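Below you'll find the structure, written out as structure tokens, and then a few comments.
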Amino acid sequence: MKQHIADLINAALDTLTDNGTLPADAQRRIMVENTRDKAHGDFASNVAMTLAKAAKTNPRQLSQAICDALPASENIAKTEIAGPGFINFFLASDAATAVVGRILKAGNKYGHSDAGANRKVQVEFVSANPTGPLHVGHGRGAAVGDSICRLLSATGWDVTAEFYYNDAGAQINNLALSTQARCKGLGPEDASWPEDGYRGDYIKELADSYMAGDSIEAEDKQVTGLKDADNQNAIRDFAVAYLRREQDQDLKAFGVNFDVYFLESSLYSEGMVEQTVQQLIDSGYTYEQDGALWLKTTEFGDDKDRVMRKTDGGYTYFVPDVAYHLNKWNRGFERVVNEQGADHHSTITRVRAGVQAVSQSTGMAIPEKWPDYVLHQMVMVMRGGEEVKISKRAGSYVTLQDLIEEVGRDATRYFLVARATTSQLTFDIDLAISQSNDNPVYYIQYAHARVCSVIGKLAERGWEWNQNMAVDLALLDTDAEKALMKRLATFPEVVQRAAENCEPHQIANYLVDLAGDFHSYYNSNKMLIEDAELRNARITLSAACRQVLANGLDLLGVRAPEHM
RNA sequence: GGGCCAAUAGCUCAGCUGGAUAGAGCACCGCCCUUCUAAGGCGGUGGUCGAGGGUUCGAAUCCUUCUUGGCCCGCCA
């Protein structure tokens with residue numbers, strides 16, 4: 001509809017250009033916006049304000065001229081000039097109610113588009129190392145990342161969800177040492193406990209499992225505890241498999257799935273790290289100093305150069321990271337979204353620097369700003385008005401599993417995704433578990449369940465209705481009904497905007513508003529009434545509302561229950 | 001010292017990429033249950049949009065300088 005109005009305005013401007021009111025070289029910036037206030041009609045445009053100067057007249061006069069030149073449209077009932085020179089468009093009744101039919105016809109595809117044109121996009125998220133249970137921060141990453149996948153998929157992208165993890169290296173060594181210490185009956189309080197060892201109780205559970213000879217199904221192999229406290233390699237393999245399985249179970253319980261699990265070790269075993277190092281050296285952006293190999297990241301906006309190869313011969317973490325991203329590009333992902341915690345922010349410059357150094361010297365032509373990053377700020381968990389501290393290294397932190405068990409999957413996902421990722425998030429456990437009007441999750445789900453309930457009552461009373469039957473939508477002329485339909489009509493553009501900006505919280509906000517519109521409507525207009533025509537029109541509108549609530553909740557990975 | 005993010009009602013936050021009188025929810029005050037689910041609805045109180053300067057028809061939104069808070073600045077990942 002916005003495009004339709006823009007077309008009308010464009011035609012009017014053509015007319016005004018032809019008759020000399022507008023200079024031919026005037027820059028057209030036609031914007032059609034949703035109005036906030038229904039007194040301003042359904043859509044408004046500010047064209048007159050932007051063109052008044054070029055036309056050497058005042059905005060209101062130009063508005064009048066544009067209105068006079070607008071071609072007639074059956075979709076537009078009337079136009080008005082208001083304020084400093086806005087043109088307000090009032091939709092014809094048929095055009096406003098048509099959204100109901102569009103929604104019911106499109107079903108669970110309403111709001112979706114093919115804007116992505118089936119291009120390949122990879123979303124990498126969570127990517128936690130297998131050194132402990134997932135914590136709330138990972139939960140935010142999981143909720144946001146999964147929702148971004150759903151949004152991109154809904155807007156026509158070919159999405160690959162990927163989880164990258166380090167299954168070797170220093171931290172895994174530390175995990176093996178910590179587990180070994182537990183196998184030998186030591187605890188963090190003992191003098192011989194490994195320095196910086198993982199202190200959490202989960203290490204003890206893991207050690208007990210190893211010493212009990214448990215078997216773990218890992219990606220492509222089975223790992224069995226050898227019960228040998230001196231076999232460090234066996235302990236390491238077992239510990240990684242054990243914690244990976246636990247993380248998988250947490251993610252599964254959270255409703256989050258991945259298409260690809262990518263092991264950092266594979267970058268070494270398949271020679272990609274060595275190849276990348278050679279490419280970086282060949283690029284001319286490296287130099288040796290103090291016995292180490294450096295990359296001139298300052299050439300790419302970093303504040304200092306970074307070590308690639310340490311004096312002990314090992315590589316720093318960002319070298320495999322660069323190799324990994326070159327691998328992503330070579331797999332055909334012209335768009336990559338990396339969702340991660342804001343504390344990893346400093347890696348962005350380094351990864352892009354390494355990617356660009358290789359790209360420019362080999363002619364790969366990778367765009368400068370590739371890959372995209374979505375960084376989420378920290379999560380603070382509150383219970384009873386007090387902060388619950390998160391401290392991974394100390395081993396005492398709120399795990400994702402704790403949250404899911406305490407407040408449920410749906411509320412956890414909703415709260416972790418409902419805020420802009422650029423803002424720090426306060427997760428209020430008391431609010432999340434409250435089954436009351438305070439809680440937006442229940443508010444939205446309840447709106448969905450209410451529609452289901454009403455539709456269920458129809459059959460009980462012997463009234464026939466189905467969503468494909470012909471109804472007279474012109475009967476829906478109350479303010480509440482108009483507001484509801486207007487809200488429903490904006491859903492596709494909300495989805496599009498949320499997808500483009502990787503901002504799932506926009507969906508959450510939309511759903512609260514939509515649920516509010518529906519509850520308000522429900523309360524002011526009775527649906528189960530004797531008048532069959534009006535009843536069917538209202539039920540059909542409610543069914544459309546239910547569909548959009550369900551579609552929106554699905555984009556957040558939150559369930560839409562039929563009963564509550 | 002440098003970088004990233006934030007600052008909007010007492011609290012938690014939106015604000016559709018620069019539009020009309022800045023919006024929700026909670027809290028507080030007053031209403032509405034013999035009714036399709038009160039897990040709900042209606043109304044009211046409450047704002048110098050952190051501060052100053054700039055850009056223009058128009059700024060919470062863009063630029064700039066500050067202030068405050070969080071995170072990062074390792075030959076850890």
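Below, chains carry the letters A, B, ... as their sequence lines are ordered, and counting in each starts from 1. Keep in mind that the numbers below use all heavy atoms, side chains included, and drop hydrogens, waters and symmetry copies. Every value quoted in this text rests on a predicted model; they were computed, and no experiment measured them.
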Are the side chain of [X] and the backbone of [Y] linked by a donor-acceptor contact shorter than 3.5 Å?
X: A:His135; Y: A:Val398; value: no
X: A:Asp531; Y: A:Leu534; value: yes
X: A:His40; Y: A:Arg36; value: no

Does a side-chain N-to-carboxylate-O contact under 4.0 Å join [X] and [Y]?
X: A:Glu124; Y: A:Lys328; value: yes
X: A:Glu481; Y: A:Arg538; value: yes
X: A:Lys78; Y: A:Glu80; value: yes

request  = Would you check, one step at a time, whether the test side-chain hydrogen bond (donor to acceptor under 3.5 Å, both in side chains) holds for A:Arg350 with A:Tyr317?
outcome  = CA-CA 10 Å; A:Arg350 284 172 228 183; A:Tyr317 78 94; 3.2 Å; yes

ask   = Any chance the rings of A:Phe163 and A:Phe125 have centres within less than 6.0 Å?
value =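 Between A:Phe163 and A:Phe125, the centre distance exceeds or equals 6.0 Å.
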
So which nucleotide from [options] ends up closest to the side chain of [X]?
X: A:Gln171; options: B:A20, B:C5, B:A77; value: B:A77
X: A:Arg419; options: B:U12, B:A77, B:C36; value: B:U12
X: A:Gln424; options: B:A20, B:G69, B:A14; value: B:G69
X: A:Tyr443; options: B:G15, B:G40, B:U12; value: B:G40
X: A:Lys526; options: B:C36, B:C42, B:A20; value: B:C36
X: A:Arg461; options: B:G19, B:C36, B:A77; value: B:C36
X: A:Asn523; options: B:G69, B:C16, B:G40; value: B:G40

With rounding to the closest Å, how many angstrom separate the [atom1] atoms on [N] and [M]?
N: B:U55; M: B:U61; atom1: C1'; value: 13 Å
N: B:G44; M: B:A60; atom1: P; value: 24 Å
N: B:A24; M: B:G18; atom1: C1'; value: 23 Å
N: B:A77; M: B:G19; atom1: C1'; value: 47 Å
N: B:G53; M: B:U21; atom1: P; value: 22 Å
N: B:A14; M: B:C76; atom1: P; value: 38 Å
N: B:A20; M: B:C62; atom1: P; value: 16 Å
N: B:U45; M: B:G10; atom1: C1'; value: 12 Å

What is the base-pairing partner of [N], counting Watson-Crick and G-U wobble geometry with both distances under 3.5 Å?
N: B:A59; answer: none
N: B:C42; answer: B:G30
N: B:A6; answer: B:U68
N: B:G74; answer: none
N: B:A14; answer: none

Give a yes/no answer on whether the side chain of [X] brings an N or O atom under 4.0 Å of OP1 or OP2 in [N].
X: A:Ser346; N: B:C73; result: no
X: A:His345; N: B:G2; result: no
X: A:Lys310; N: B:G74; result: no
X: A:Thr426; N: B:C13; result: yes
X: A:Thr347; N: B:A77; result: no
X: A:Arg450; N: B:A38; result: yes

message = Syn or anti for B:U17? Use the chi torsion, O4'-C1'-N9-C4 for purines and O4'-C1'-N1-C2 for pyrimidines, with syn inside 90° of 0.
response =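 Here the answer is syn: the torsion falls within 90° of 0.
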
request  = For B:C28, decide between syn and anti, treating a glycosidic angle within 90° of 0 as syn.
outcome  =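 With its glycosidic angle more than 90° from zero, B:C28 counts as anti.
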
ask   = For the residue pair A:His325 and A:Trp370, does the interplanar ring angle fall in the parallel (under 30°), tilted (30 to 60°) or perpendicular (over 60°) class?
value =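 Ring orientation, 0 to 90° scale: perpendicular.
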
key: Ring-face cation contact, A:Phe318 with A:Arg306, 6.0 Å cut, 45° max   =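 No, A:Arg306 and A:Phe318 do not form such a contact.
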
request  = Would you kindly check if the NZ (Lys) or CZ (Arg) of A:Arg546 is within the cone defined by 45 degrees around the ring axis of A:Phe518 and under 6.0 Å from the six-membered ring centre?
outcome  =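 Geometry flag: not set, cation outside 6.0 Å or 45°.
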
Between [atom2] on [N] and [atom1] on [X], what's the gap in Å once rounded to a whole number?
X: A:His448; N: B:G40; atom1: NE2; atom2: P; result: 17 Å
X: A:Tyr198; N: B:C76; atom1: OH; atom2: P; result: 15 Å
X: A:Phe43; N: B:G19; atom1: CZ; atom2: P; result: 17 Å
X: A:Tyr317; N: B:C73; atom1: OH; atom2: P; result: 9 Å
X: A:Asp428; N: B:A27; atom1: CG; atom2: P; result: 12 Å
X: A:Lys304; N: B:G74; atom1: NZ; atom2: P; result: 4 Å
X: A:Ile81; N: B:A20; atom1: CD1; atom2: P; result: 19 Å
X: A:Asp517; N: B:G23; atom1: CG; atom2: P; result: 16 Å

query = If you measure from CG on A:Leu425 to CZ on A:Phe415, what distance do you get to the nearest 0.5 Å?
reply =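 Between A:Leu425 CG and A:Phe415 CZ, I get 9.5 Å after rounding to 0.5 Å.
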
Donor/acceptor link under 3.5 angstrom from [X] side chain onto base of [N]:
X: A:Tyr442; N: B:A39; result: no
X: A:Asn88; N: B:A20; result: yes
X: A:Asn501; N: B:U17; result: yes
X: A:Thr311; N: B:C75; result: yes

message = With the six-membered base ring of B:G41 as reference, does the ring of A:Tyr522 sit under 5.5 Å away with planes under 30° apart?
response =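 Whether judged by distance or by angle, A:Tyr522 falls short somewhere, so it does not stack on the base of B:G41.
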
inquiry  = Are B:A20 and A:His40 stacked, with the base six-membered ring and the side-chain ring centres under 5.5 Å apart and planes under 30°?
reply    =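 One would call A:His40 stacked on the B:A20 base.
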
task = Evaluate the ring-ring contact (aromatic ring centres under 6.0 Å, His included) criterion for residues A:Tyr285 and A:Phe300: first the C-alpha distance (whole Å), next the side-chain angles of each, then the deciding distance (0.1 Å), finally the verdict.
result = CA-CA 10 Å; A:Tyr285 284 108; A:Phe300 301 94; 4.9 Å; yes

inquiry  = So if I define the base as every atom that isn't primed, P, OP1 or OP2, how would nucleotides 54-60 of chain B read as a B/S/- string at a heavy-atom cutoff under 4.0 Å?
reply    = ---S---

Flag if over 12 foreign heavy atoms under 6.0 Å of CD, A:Glu33 =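 Yes, because the 6.0 Å sphere around CD of A:Glu33 holds more than 12 heavy atoms from other groups.
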
Under 3.5 Å, which protein N or O atoms sit close to an N or O of nucleotides 43-45 of chain B? Give each pair with its distance.
none

